Amino acid sequence: MRLAPGAAIGIVGGGQLGRMLAMAAARLGYRCHIFDPHEQPCAAEVSCEFTRAGFDDEDALRRFADDCDVVTYEFENLPVAALNAIAGKLKPGTRSLAVAQDRADEKEFIESAGARVAPWRAVATLADVEVAVAELGVPIVLKTRRYGYDGKGQAWIRSAGEAEAAWQAIGEQPAVAEAGIAFGAEFSVIVARWADGRHCFFDAPENAHADGILRTSTVPAGPLVAGQLDRARPMATAIVDALDHVGVLTVEYFAAGDGPIVNEIAPRVHNSGHWTIEGAETSQFEQHVRAICGLPPGSTALTGSGATMENLIGADIDRWPDYVGEHGAHLHLYGKGEGRPGRKMGHVTRVSRP
Ligand code: ADP
Ligand code: MG
């Protein structure tokens, strides 16, 4: 099925990913309709239509889907049962959502697809955490099974005596206990898959995090990462195929001494792919639109010799006059207002030329 320009694309979630998807869709002549519970989501500001309703409001979701030719999502913490009500129009489907929103299900799924994750245990009590510490050793990171992002819902255990404090720090919720990986680098594989099973990859960015939040993504990645892509990419392919995923999906990896380890998956466009807007011939956002509308894949070739994306987090946004005045710096601001600590406010991409 091919949806011609002029068709309406629904986007569930109204954050910056939805905003950049809508801008890419508009450039190809599509109309976007945002569905989000907030009053003024930043994606709605650049879209034709906005439905303000709760993500669990099935009636509102049905009316919204009736108004759209295809519906996608930019956020994975959505109620699967409610989204199932519009499954006929939804790309990617709810299986991708379900797997990505629970860290224990996610790890089981990744292992079943033949990819490797860090040694882990599902934990539901302090006693479970203590067993995990005894079996896996330290350091360990506890991550809540659900609703974690940007390092939230995580606590490290660096000695057995810290188990109880970490368990309390994550709110004593069902979690995974995961062995800390002494990685040499982090990277991501951004893959787009079409309904007929075709896929294409972007250059894999090397990602630097601070306090659990992405700071920079750089292509080309360094030699450690480059040497692991021939193992990492087939893992990503196995994951999207097993999910029958349509659209962009991102797999985050640790580049360990003995090869790539999958950290987590995001069934959507991803912060580590923002550099593609100027750094690749086709952006991750346009590629997602192409995949869900059944258009041919766009070229993922680099436009220069590489690119670096720097996130503007919290008060970083106050430096916008410097970036907007810097020749060759591509400034993106998400229109989110106040720069609260830890909030992603925008990003800057610099494309390098040979
Ligand atoms: P989020 O959903 O918040 O992105 P992640 O699981 O990706 O959660 O964790 C955020 C960051 O924390 C990672 O990118 C990495 O830098 C660090 N981290 C997470 N898990 C581990 C681990 N097992 N070993 C080492 N570092 C980790
Ligand atoms: Mg992550």
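As the structure is a prediction and not an experimental result, all values here were calculated from the model. Remember, it's 1-based here, ligands and their atoms both numbered in the order they're listed.
For A179, the closest heavy-atom approach to ligand 1 falls below 4.0 Å. Ligand 1 lies less than 4.0 angstrom from a heavy atom belonging to W156.
Counting protein heavy atoms under 4.0 angstrom from atom 13 (C) of ligand 1 gives one or more.
With atom 6 (O) of ligand 1 as the reference point, the heavy atom nearest to it among K143, E264, E186 is part of K143. Considering only non-hydrogen atoms, atom 11 (C) of ligand 1 lies nearest to G212 out of G212, P119, P139, G180.
Side chains of H274 and Q16: a donor-acceptor N/O pair is absent below 3.5 angstrom, by distance only. Under 3.5 Å, the side chains of H288 and T72 contain a donor-acceptor pair of N or O atoms.
On a distance-only criterion, K152 and ligand 1 share no N/O pair closer than 3.5 Å.
Panel note: side chain E281, backbone A301; no donor-acceptor pair is recorded below 3.5 Å. A donor-acceptor pair under 3.5 Å links the side-chain atoms of Q284 to the main chain of H270, judged by distance alone.
Taking the Mg ion (ligand 2) as reference, the nearest N/O/S atom within E264 carries the name OE2.
Contacts between E76 and ligand 1 below 4.0 angstrom, taking non-hydrogen atoms only, are absent altogether.
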